[in-house]
Amino acid sequence: MINITFPDGNVRQYDAGVTGMDIAKSLSNSLAKKVLSVSVNDEVWDSMRPINEDAAIKLFTWNDEEGKNTFWHSSAHLLAEALQNLYPGVKFTIGPAIEQGFYYDIDLPEGKSISAGDFPKIEKKMLELAKRKVTFDRQDISKADALAHYQNVGNEYKQELIDGLEDGDITFYTQGDFVDLCKGPHLPHSALVKSVKLTNVAGAYWRGDETRPQLTRIYGISFPKAALLEEYNNFVKEAKERDHRKLGQQLELFAFSDRVGAGLPLWLPKGTKLRNILQDFLMEEQRKQGYQMVMTPHLGKKELYETSGHYAKYGKDSFQPINTPKEGEEYLLKPMNCPHHCEIYKCFPLSYRDLPLRLAEFGTVYRYEQSGELNGLLRVRGFTQDDAHLFCMPDQLKDEFKAVIDLVILVFTKLGFTDFKAQISLRDPDNPGKYIGSDENWEKAERAIMEASEEKGLPTFIEYGEAAFYGPKLDFMVKDALGRSWQLGTIQVDYSLPERFKLEYIGADNQKHRPVMIHRAPFGSFERFVAVLIENCKGNFPLWLAPEQVKVLPISDKFMDYANSVKTQLETAGYRVSVDGRAEKIGRKIRDASMQKIPFQLIVGEKEAESQQVSIRRHGEGDRGSVPMSGLLEQLEAEMDGVVTA
RNA sequence: GCCGGUGUAGCUCAGUUGGCCAGAGCAGCUGAUUUGUAAUCAGCGGGUCGGCGGUUCGAAUCCGUCCACCGGCUCCA
């Protein structure tokens, strides 16, 4: 007999060799039907795998992340089996579960390709295979046998994977006729997979390395109930409606032009309004915290970037130098504002009494992004950062850093980004050549970030290899409508640039010292921030941000005078307001204002004009009834502090 | 940059296997309508079918190439 400990601390005895599924059945049959996998001492296992020793177990269903992972991983195997059927000669590589579904990377036989048009037949085959209700059988296999198997079938990818595994730690899984190198775990049987949708097909390099073969990656998602697929389809539809590219066009916020160039956004009047309001908001917060605004040009001499290290690092992959026609000097579009700000620092004879020096600029930078990378406002080639550089003494670093964390969180909270993730971006330990600066300085910088975050009680996670080339970062990540994570706010500690630019201040000891630098941008860039903001609020901006806050809709042109007087009163009170004076019916005016997502629509006709009232229609809510101007101003006032909601 | 897909009027989209002057709705313009909580009616204008080259008696449709966009990969100062 062995002791099985449950999550609630209860212990029960079972025969050795009992499976997770047996245990589930002993608790309840209805539970057993839902179990997808189990964890045994915190390791996720097949529910059909025998447990031979005392263990703590948890049962996972569709409601657990582990359960979903198991479900999707098994679905990936069904996808592979279907492809093996339909595309003889296909080579399999890896097929993991991901956040939303799964994928399988395959190498198709010469001359074959798969496109979305092939999905229906693959999906059909997968469901057919699932219905057989076969089990996923686990089998230990020696390294030699595993290699022999894949030499036999001629799959060099699996051989390479096996090369990296320990003998005695290798397992195959078999379902039906399909055998795959896999550490599991898998579902109790295939028929749990009730609906399948392949979502897209893409190229993916083997092992993520662009010098290696490009494989075909097929993405999919699957569900234990058909109704859940419906839900997923609705989510996808909803995401399309939130897409900032669609809303940006519909609400006339920004545009792109082939003639201007890819990745170079044009901000239309309404988008510019929105952006300027965001800028004013941040400028005011920064003023309160002792920042000073500066301005610098959009380009600088090549030597500037040689000093900063940018040129050596990115010069050849960037927009190429611009030459002066007579002197032949080389200038580069600026990829970052920091070199310019370092030069501003040097304009002053600074003492320790002057620090921290906080220089802020809404600086437009230009970076060459590969054509395939461009994406609406999320990834562009010219963008404006809400940049600032804080120059401080080493012992001021942590307090400054913490104040910036507060500022970023203030901004995010105000704009409704509540489910951001704070990522500590460190060096790639396998690729030290990517970075500048001494190990000692990197360690100091990394420690400063971790300590400041911890003292702020900020929950963080670490990503290696995501640091900037000159220093580690604390990045604030927010998801777009499709669930993709984007870096918005960022705070970076930098010991290198002050050294490279030989920045100094006079200390209390009358000696020269080197300052430390913090790079920070709470929004990151206006472009990306606005993109994510649009998707988060679906274009329904809070009143203080709405490019057009109020639209007055007269019932007919008899009431134009009154409508205009309402407009004037609101303008005097500082609101952005216009009148729809077209010879259209009121229903039409409401519709058009609603399509433009105007927060306050004021209907004025005979009744309102006589009683000096307005009939309020709040977008997203409906008719609020008639109130006098004072009542309207109260309602507007009450919403001006509101945060973004969707 | 790589893989796959897409590109027809300002917007959303039709255009069967290549074949009459390339269509619709919305938007726009003109006129009529003076309107009460999500589309008033009528008339009119608008497109080198993404660009260039080719195949063909004939190309929006087939082929090549370039550009842009979409989804990924790689990259990301």
Side-chain angles (χ1 to χ4, degrees), chain A residues 98 103 105 108 113-118 199-219 240 243 245-246 249-250 252 255-263 305 308-315 317-318 332 334-339 365-376 379 381 385 387 434 436 465-471 473 482 484 486-487 490 492 497 519 553-560 582-596 601-608 615-619 622-626:
Chain A
I98 53 177
Y103 66 78
D105 280 352
L108 285 162
S113 74
I114 288 181
S115 70
D118 301 315
T199 50
N200 55 63
V201 54
Y205 300 106
W206 169 233
R207 305 218 127 172
D209 182 343
E210 64 180 324
T211 65
R212 311 211 55 189
Q214 186 155 41
L215 308 168
T216 301
R217 175 172 296 179
I218 299 177
Y219 285 89
K240 280 195 185 129
D243 191 316
R245 291 162 300 202
K246 182 182 158 84
Q249 176 185 294
Q250 191 183 319
E252 297 172 340
F256 290 90
S257 151
D258 284 5
R259 214 182 290 278
V260 172
Y305 304 105
S308 70
H310 288 97
Y311 190 75
K313 207 74 212 151
Y314 299 103
D317 296 322
S318 143
L332 293 168
K334 68 176 172 186
M336 291 185 92
N337 303 299
C338 32
V365 297
Y366 301 89
R367 301 176 183 178
Y368 169 74
E369 302 288 354
Q370 300 186 90
S371 58
E373 265 311 324
L374 301 173
N375 186 318
R379 195 77 183 271
R381 285 179 172 163
Q385 299 178 312
D387 208 0
K434 270 174 72 174
I436 60 168
E466 294 293 312
F469 77 93
Y470 49 79
K473 312 188 284 174
L482 287 173
R484 299 174 295 199
W486 296 92
Q487 176 205 308
T490 181
Q492 311 171 3
L497 288 189
H519 309 239
L553 314 178
I555 294 288
S556 80
D557 61 10
K558 290 190 205 123
F559 312 106
M560 276 302 283
R582 295 174 303 168
E584 294 288 351
K585 291 188 174 175
I586 193 65
R588 177 54 179 269
K589 293 183 182 181
I590 287 167
R591 178 169 198 274
D592 289 346
S594 299
M595 302 281 277
Q596 287 299 306
Q601 298 158 22
L602 306 178
I603 291 133
V604 295
E606 190 170 4
K607 284 183 295 198
E608 289 78 12
S615 174
I616 300 177
R617 192 182 163 88
R618 180 68 177 89
H619 179 60
D623 194 351
R624 277 188 184 174
S626 292

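Residue numbering restarts at 1 for every chain, and letters A, B, ... go by the order of the sequence lines. Please read these numbers as outputs of a predicted model, since none were measured by experiment.
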| message | Treating A/Gln596 as the side-chain partner and A/Gln250 as the backbone partner, does any N or O pair qualify as donor plus acceptor under 3.5 Å? | response |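 Indeed, once roles are kept as given, a pair shorter than 3.5 Å links the two residues.
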
| request: Verify, without hydrogens or angle tests, whether A/Lys434 (side chain) and A/Phe469 (backbone) share a donor-acceptor contact under 3.5 angstrom. | output: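 Checking the backbone N and O of A/Phe469 against the side chain of A/Lys434, no donor-acceptor pair under 3.5 Å is found.
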
Using a 4.0 Å heavy-atom cut-off, does [X] contact any base of the nucleic acid, only the sugar-phosphate backbone, or nothing at all?
X	answer
A/Lys607	base
A/Gly372	base
A/Asn200	sugar-phosphate
A/Glu606	base
A/Gly465	nothing
A/Gly208	sugar-phosphate
A/Leu374	sugar-phosphate
A/Ile603	base
A/Ser318	base
A/Glu608	base
A/Ser615	base

Whole Å only: how far is the [atom1] atom of [X] from the [atom2] atom of [N]?
X	N	atom1	atom2	value
A/Tyr205	B/C73	OH	C1'	6 Å
A/Arg582	B/U40	CZ	C1'	12 Å
A/Ile114	B/G72	CD1	P	19 Å
A/His310	B/A77	NE2	C1'	5 Å
A/Gln370	B/C3	CD	C1'	14 Å
A/Arg624	B/G36	CZ	C1'	19 Å
A/Lys246	B/C70	NZ	P	14 Å

Measuring to OP1 and OP2 of [N], would you say a side-chain N or O of [X] lies under 4.0 angstrom away?
X	N	value
A/Lys585	B/U34	no
A/Arg591	B/U37	no
A/Asn375	B/C69	no
A/Arg245	B/C69	no
A/Ser371	B/G1	yes
A/Arg617	B/A38	yes

Could you check whether any side-chain heavy atom of [X] comes within less than 4.5 Å of a side-chain heavy atom of [Y], counting everything from C-beta outward?
X	Y	answer
A/Arg367	A/Met336	yes
A/Ser113	A/Thr216	no
A/Lys473	A/Gln487	yes
A/Pro554	A/Glu608	no
A/Glu606	A/Ile555	no
A/Asp592	A/Arg582	yes

Proximal nucleotide (of [options]) relative to the [X] side chain:
X	options	answer
A/Tyr219	B/G5, B/C76, B/G72	B/G72
A/Ala204	B/A77, B/C73, B/U40	B/C73
A/Tyr368	B/C73, B/A38, B/G1	B/G1
A/Ala583	B/G36, B/U35, B/G5	B/U35
A/Glu584	B/U40, B/G71, B/G1	B/U40
A/Val201	B/C70, B/U40, B/G4	B/G4
A/Phe469	B/U35, B/A77, B/G1	B/A77
A/Arg484	B/G71, B/U40, B/C75	B/G71

| said: Quick check: closest heavy atoms across A/Val604 and A/Phe559, and the distance to 0.1 Å? | reply: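 Distance-wise, the nearest heavy atoms are O-CB, 4.0 Å.
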
Pick the [atom1] atom in [N] and in [M], then give their distance to the nearest Å.
N	M	atom1	result
B/U40	B/A27	P	9 Å
B/A42	B/G50	C1'	35 Å
B/C21	B/A38	C1'	40 Å
B/A32	B/G25	C1'	22 Å
B/A9	B/C44	C1'	15 Å
B/G7	B/A14	C1'	15 Å
B/C29	B/C13	C1'	23 Å
B/G28	B/G10	P	14 Å

| field | Closest-nucleotide 5' rank along RNA chain B - winner of A/Ala116 and A/Gln492 | value |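 Mapping each residue to its closest nucleotide by heavy atoms, the 5'-most match is A/Ala116.
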
| query | Taking the nucleotide of RNA chain B with the closest heavy atom to each, which residue, A/Ser113 or A/Arg207, is nearer the 5' end? | reply |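 Going by which nucleotide is closer to the 5' end, it is A/Ser113.
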
| said: Heavy-atom count check: over 12 atoms from other residues, nucleotides or ligands less than 6.0 Å from A/Lys246 NZ? | reply: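 No - once you tally the heavy atoms of other residues, nucleotides and ligands closer than 6.0 Å, there are 12 at most.
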
| said: Applying salt bridge (charged side-chain N to carboxylate O under 4.0 Å, His left out), can you list everything that pairs with A/Glu252, at least two apart in sequence or on another chain? | reply: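 Here the qualifying residues are A/Lys270.
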
| request: Could you walk me through whether A/Glu210 and A/Tyr205 pass the side-chain contact (heavy atoms from CB on, under 4.5 Å) test, one step at a time? | output: CA-CA 6 Å; A/Glu210 64 180 324; A/Tyr205 300 106; 3.8 Å; yes

| remark: Each nucleotide of nucleotides 7-12 of chain B classed B (base within 4.0 Å of a protein heavy atom), S (only sugar-phosphate) or -, in 5' to 3' order, makes ----SS

| task | Give RNA chain B the dot-bracket treatment, 5' to 3': Watson-Crick (N1-N3 with N6-O4 or O6-N4) or G-U (N1-O2, O6-N3) under 3.5 Å, [ ] crossing, | other strand. | result | (((((((..((((.....[...)))).(((((.......))))).....(((((..]....))))))))))))....

| query | Under 3.5 Å, is there an N or O donor on one side and an acceptor on the other linking the side chain of A/Arg379 and the base of B/C76? | reply |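 Yes.
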
| query | Taking the six-membered ring for Trp, does A/Tyr314 stack with B/A77 (centroid gap under 5.5 Å, planes within less than 30°)? | reply |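 Per 5.5 Å and 30° rule: yes, stacked.
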
| request: Using a strict 4.0 Å threshold on nitrogen-to-oxygen distance, state whether A/Arg207 and A/Asp209 make a salt bridge. | output: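 A/Asp209 and A/Arg207: not salt-bridged.
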
| field | Aromatic ring pairing A/His519/A/Tyr470, orientation class (parallel under 30°, perpendicular over 60°, tilted between) | value |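 Aromatic pair A/His519/A/Tyr470 classed parallel.
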
